[in-house]
Amino acid sequence: MISSNDFRSGTTIEIDGSVWRVVEFLHVKPGKGSAFVRTKLKNVQTGNVVERTFRAGETLPSATIEKRTMQHTYKEGDQFVFMDMETFEEATLTPAQMGDRAKYLKEGMEVNILFWNEQVLEVELPTSVILEITDTDPGVKGDTATGGTKPAIVETGAQVMVPLFISIGERIKVDTRDGSYLGRE
């Protein structure tokens with residue numbers, strides 16, 4: 001159990017059989033009446049965001065989330081297969097469970113998978129990955145880093161905006177949170 005006074009950003013709680021993560025919280029002590037905690041909660045399974053108010057000191061069940069390091073071994077049809085690095089058990093995830101993160105996933109990449117009651121909640125990729133450019137417009141002499149950007153397709157199929165001087169075959173570093181170009185490798 002966790003008290004509403006102990007809420008912090010990232011705290012996970014259980015409400016009505018679902019896991020919710022505290023995105024924002026504000027402890028309010030009005031001049032009249034009792035204190036309360038105003039929160040913005042995100043459903044970890046569906047991604048829905050709601051605002052909810054709790055009485056100060058109200059207790060809620062804490063969600064026990066297990067984080068396992070797993071390796072993406074292969075893709076079977078549209079399913080992603082991951083192997084636990086300690087027990088060698090496999091977990092299969094659907095494209096819906098992967099979401100946009102699938103655009104930056106390479107075979108052999110180690111990721112953290114969050115489980116709640118043996119059910120997959122989400123996949124955490126490393127903050128940056130190194131990918132090879134497979135298709136882009138050719139660079140022209142005189143293109144510089146500050147000259148602008150162009151679209152490029154990387155080995156996983158994702159499109160990344162890169163500087164004009166980048167060419168096919170180069171390896172670049174990409175931020176997995178927003179898909180932005182971080183630099184050459």
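The analysis underlying the following values was restricted to heavy atoms, covering all of them including side chains, and did not include hydrogens, waters or symmetry mates.
- At distances below 3.5 Å, at least one donor-acceptor pair connects side-chain atoms of Thr176 with backbone N or O atoms of Pro126.
- Under the 3.5 Å distance criterion, with hydrogens and angles disregarded, no donor-acceptor pair is assigned to the side chains of Ser128 and Asp175.
- The backbone N or O of Ser4 lies less than 3.5 Å from no partner atom in the side chain of Glu58, so there is not a single donor-acceptor pair.
- The side chain to side chain contact (heavy atoms under 4.5 Å, CB included) with Ile13 is formed by just one residue from the set Val19, Leu60, Thr39; it is Leu60.
- A 6.0 Å sphere centred on NZ of Lys173 holds no more than 12 heavy atoms belonging to other residues, nucleotides or ligands.
- Contact check for Leu182 versus Val174: no side-chain heavy atoms found under the 4.5 Å cut-off.
- Counting only distance, with no hydrogens or angles, the side chain of Lys150 and the backbone of Phe165 share no donor-acceptor pair below 3.5 Å.
- Contact record, Ala158 with Tyr104: CB-CE2, 4.0 Å, taken as the closest heavy-atom pair.
- Remark: the backbone N or O of Ala63 is paired with a side-chain donor or acceptor of Thr12 at under 3.5 angstrom.
- The side-chain heavy atoms of Met1 and Pro61, taken from C-beta on, include a pair separated by under 4.5 Å.
- Glu14 is listed as a side-chain neighbour of Trp116, based on a closest heavy-atom distance under 4.5 Å.
- A distance of 8.5 Å separates CE of Met70 from CG of Leu93, quoted to the nearest 0.5 Å.
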Q: Carefully, step by step, assess Tyr74 and Glu90 under the rule side-chain contact (heavy atoms from CB on, under 4.5 Å).
A: CA-CA 11 Å; Tyr74 60 96; Glu90 287 189 344; 3.8 Å; yes
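- Nearest heavy-atom pair, Thr11 versus Arg8, reported as atom, atom and distance to 0.1 Å: OG1-O, 2.8 Å.
- Salt bridge present: Arg184 and Glu170 bring a charged side-chain N and a carboxylate O closer than 4.0 Å.
- When all heavy atoms are compared, the tightest approach of Val162 to Ala152 is CG2-CB, 3.7 Å.
- Between Thr59 and Ile2 there is no side-chain heavy-atom pair separated by less than 4.5 Å.
- Results of the side chain to side chain contact (heavy atoms under 4.5 Å, CB included) test with Leu125 over Lys103, Glu110, Arg177, Arg101 single out Arg101 as the only residue that passes.
- Considering every non-hydrogen atom in both Ala56 and His27, the closest pair reads CB-CE1, 4.0 Å.
- With respect to the salt-bridge test (charged N to carboxylate O, under 4.0 angstrom), the residues Arg68 and Glu118 qualify.
- We find the OG1-CD1 distance between Thr136 and Ile153 to be 8.0 Å, quoted to the nearest 0.5 Å.
- Using a 4.5 Å heavy-atom threshold, the side chains of Ile168 and Glu132 count as separate.
- Between Lys67 and Glu124, at least one side-chain nitrogen of the basic residue sits less than 4.0 Å from a carboxylate oxygen of the acidic one, meeting the salt-bridge criterion.
- From Gln71, atom CD reaches atom OG1 of Thr69 across 11.0 Å, with rounding to the nearest 0.5 Å.
- Between Ile172 and Ile133, the closest side-chain pair of non-hydrogen atoms falls below 4.5 Å.
- Between Thr94 and Phe80 there is no side-chain heavy-atom pair separated by less than 4.5 Å.
- The hydrophobic cluster containing Val44 does not contain Val22, counting ILVMFWY residues as joined when their side-chain heavy atoms lie under 4.5 angstrom apart, directly or transitively.
- Between the CD1 atom in Ile130 and the CD atom in Glu155 there is a gap of 10.5 Å [rounded to 0.5 Å].
- Atom CG of Leu41 and atom CD of Glu51 lie 9.5 Å apart (nearest 0.5 Å).
- At a cut-off of 3.5 Å, with distance as the only test, a side-chain donor of Ser180 or Asp178 sits close to an acceptor on the other residue.
- Taking every heavy atom of both residues into account, Pro30 and Ala35 meet most closely at CD-CA, 4.1 Å.
- Hydrophobic clustering (ILVMFWY, side-chain heavy atoms < 4.5 Å, transitive): Ile113 and Val81 are in distinct clusters.
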Q | Audit row: Val37, Val28, side-chain contact (heavy atoms from CB on, under 4.5 Å) steps and yes/no | A | CA-CA 6 Å; Val37 179; Val28 180; over 6 Å; no
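- Proximity of a side-chain donor or acceptor of Thr149 to a complementary backbone N or O of Met161 within less than 3.5 Å is not detected.
- Interatomic distance, Thr156 OG1 to Glu107 CD, rounded to the nearest 0.5 Å: 12.0 Å.
- Each of Phe36, Phe54, Trp20, Phe25 was compared with Phe7 under the ring-ring contact (aromatic ring centres under 6.0 Å, His included) criterion, and only Phe54 meets it.
- Heavy-atom neighbours of Arg171 CZ from other residues, nucleotides or ligands within 6.0 Å: above the threshold of 12.
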